[in-house]
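One structure is given below, encoded as structure tokens.
Below, all heavy atoms of this structure are taken into account, side chains as well, without hydrogens, waters or symmetry copies.
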Amino acid sequence: MLGTAKQLLQLQAATHRWNGARRRQPLAPAPPRHAPAARAGRFLACLLALAAGAILMLCVTLHRPEPDASAAALPRGGGYAVVINTWKRYDLLKRAVAHYSVCAGVDAVHVVWSEPREPPEALRRSVLNCSRGAADVGFVMNRGNSLNNRFRPIQGLRTDAVFSVDDDLVVPCSTLRFAFGVWRSAPSAMVGFVPRIHWPADPRGNTKEYRYGSWWSVWRTGTYSMVLSKASFLHKRYLDLYTNHMLPSIRDYVTENRNCEDIAMSFLVANVTGTPPIWVQGRIFEIGSTGISSSKGHDLRRSRCLNAFASMYGHMPLVASTVKAVDSRTSWFW
């Protein structure tokens with residue numbers, strides 16, 4: 001017993017001596033703190049590295065090959081018709097015809113002519129000679145100047161799909177082909193590149209009044225309920241429905257106000273299908289001067305159209321969506 005106690009006391013003393021030595025041992029010097037200039041240098045180096053990475057990614061993106069736009073065209077009747085709405089911009093019209101006539105899948109290019117006089121023979125020949133592909137090119141003559149003319153049925157149309165476009169908008173052929181593929185997956189929908197949104201003027205109130213939201217509203221909310229007909233696919237049957245079956249008061253409103261035919265078509269399609277349109281992300285180029293969309297009070301006039309059409313229908317048929325179709329082959333962020 002005494003031997004054991006003595007051993008415990010010796011062990012305890014040794015432990016105290018070891019702990020004391022640890023307490024007396026000087027601490028390792030702390031690493032020097034970086035001076036403000038050094039920290040700033042490291043921060044700048046990080047920014048430069050990030051910038052270099054972003055530039056490299058941009059260069060790779062710009063040089064990344066797109067899907068072949070010169071692929072074999074679809075069989076006759078299996079492609080789509082391009083319908084170009086034009087008004088006294090002959091140089092733009094020629095460029096548009098030359099571009100779309102060579103896109104794969106284009107069966108024909110139809111020029112909607114609404115000017116008081118028929119196109120001069122020299123202009124007609126010049127436009128027809130702009131075609132560089134197998135697509136047929138022709139004029140659709142109309143009596144009177146009305147924005148409704150762009151949706152008049154076209155005699156001899158061989159395709160179900162119609163790509164409605166303004167003469168100052170150019171969509172690359174590969175982008176157009178992808179959008180056509182999206183439309184083929186949902187042929188009753190409008191499929192386009194220019195989204196817009198509507199929303200209640202007073203979400204908490206009982207008044208059924210609506211406001212029109214431009215691109216910045218779509219960008220901010222990620223929501224849309226229309227794709228404008230200045231660059232969109234739709235089924236040819238909607239041309240007949242718009243011209244011969246839609247409320248005449250809506251067409252009269254469009255003619256009198258020289259605006260909102262695209263909203264009227266969006267109302268028509270949404271009322272028929274009960275579903276939203278499809279927004280396709282893609283590059284489009286406006287090669288003309290600014291139009292009515294940049295004029296003062298444009299959004300207010302469009303809001304009036306929304307409310308007038310909703311009143312004529314007796315309800316709001318537009319359906320909102322947050323879905324966007326993206327071609328992952330040409331986009332790094334999708």
Side-chain angles (χ1 to χ4, degrees), residues 61-71 73-74 79-114 119 123 126-140 147 150-151 159 161-183 190-196 214-215 218 226-234 261-262 265 277-294 324-327 329-331:
T61 302
L62 291 176
H63 289 87
R64 189 174 184 179
E66 292 188 350
D68 184 12
S70 61
L74 296 171
Y80 57 94
V82 176
V83 178
I84 303 175
N85 194 53
T86 187
W87 177 261
K88 295 185 177 181
R89 298 193 288 193
Y90 307 142
D91 289 338
L92 296 182
L93 174 60
K94 294 175 187 177
R95 291 177 63 180
V97 170
H99 170 70
Y100 291 114
S101 64
V102 299
C103 290
V106 175
D107 176 78
V109 177
H110 301 275
V111 178
V112 177
W113 187 268
S114 299
L123 175 63
S126 177
V127 171
L128 297 181
N129 290 335
C130 285
S131 175
R132 299 177 295 165
D136 297 334
V137 179
F139 284 79
V140 180
L147 290 174
R150 74 181 307 160
F151 297 133
T159 63
V162 172
F163 180 65
S164 172
V165 65
D166 287 352
D167 57 8
D168 63 344
L169 263 176
V170 172
V171 182
C173 293
S174 57
T175 304
L176 198 59
R177 188 173 180 85
F178 171 72
F180 176 53
V182 174
W183 178 85
M190 284 188 72
V191 175
F193 299 95
V194 187
R196 294 294 184 264
S214 61
W215 159 246
V218 175
M226 297 171 275
V227 291
L228 303 187
S229 56
K230 65 190 299 181
S232 66
F233 281 95
L234 66 156
E261 84 286 357
D262 46 4
M265 178 58 82
I278 301 175
W279 169 25
V280 175
Q281 176 179 289
R283 297 177 302 159
I284 61 174
F285 303 95
E286 294 197 43
I287 59 177
S289 58
T290 56
I292 61 174
S293 60
S294 60
K324 178 171 62 175
V326 180
D327 189 347
R329 299 169 297 176
T330 59
S331 177

* Asked: So S164 and L234, side-chain contact (heavy atoms from CB on, under 4.5 Å) or not? Walk me through it.
  -> CA-CA 8 Å; S164 172; L234 66 156; 4.1 Å; yes
* Test T175 against I284 for side-chain contact (heavy atoms from CB on, under 4.5 Å), laying out the working first. => CA-CA 9 Å; T175 304; I284 61 174; 5.7 Å; no
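Smallest separation of non-hydrogen atoms from H99 and C173: CE1-SG, 3.8 Å. Contact between V227 and P277 at its shortest, heavy atoms only, is CG2-CB, 3.7 Å. When every heavy atom of V218 is checked against every heavy atom of P195, the shortest pair comes out as CG2-O, 3.7 Å. The two residues V137 and L128 come nearest to each other via the heavy atoms O-CD2, 3.3 Å. Shortest non-hydrogen contact noted between A231 and V194 is CB-CG2, 4.4 Å.
From F151, atom CZ reaches atom CD of E261 across 5.5 Å, with rounding to the nearest 0.5 Å. How far NZ of K94 is from CG of L123: 6.0 Å, rounded to the nearest 0.5 Å. Atom CG in L228 sits 13.0 Å away from atom CZ in F193 (nearest 0.5 Å). One distance of note links CH2 of W113 with NZ of K88; it measures 9.0 Å at 0.5 Å rounding.
For D262, the side chain to side chain donor-acceptor pair (under 3.5 Å) partners at least two apart in sequence or on another chain are R302. Residues meeting the side-chain contact (heavy atoms from CB on, under 4.5 Å) test with A325, sequence neighbours left out: F178, V182, I278, V280. Under the rule for a side chain to side chain donor-acceptor pair (under 3.5 Å), the partners of T86 that lie at least two apart in sequence or sit in another chain are D167. Under the side chain to side chain donor-acceptor pair (under 3.5 Å) criterion, S214 pairs with no residue, sequence neighbours left out. Residues passing the ring pair (Phe, Tyr, Trp, His ring centres under 6.0 Å) test with F233, sequence neighbours excluded: Y80, F163, F180. Residues satisfying the side chain to side chain donor-acceptor pair (under 3.5 Å) test with S114, not counting sequence neighbours, are N149.
Counting heavy atoms from C-beta outward, V83 and V112 have side chains that approach closer than 4.5 Å. Two residues are said to be in side-chain contact when any heavy atoms from C-beta on lie closer than 4.5 Å; W183 and S232 fail this criterion.
Here the side chain of T159 pairs a donor or acceptor atom with the backbone of A81 at under 3.5 angstrom. Under the 3.5 Å distance criterion, the side-chain polar atoms of S101 are matched with a main-chain donor or acceptor of A98. Here the side chain of D166 pairs no donor or acceptor atom with the backbone of D168 at under 3.5 angstrom. A donor-acceptor pair is defined here as one N or O able to donate and one able to accept, closer than 3.5 Å; such a pair exists between the side chain of Y100 and the backbone of V171. Listed for the R95 side chain is no donor-acceptor partner under 3.5 Å among the backbone atoms of I287.
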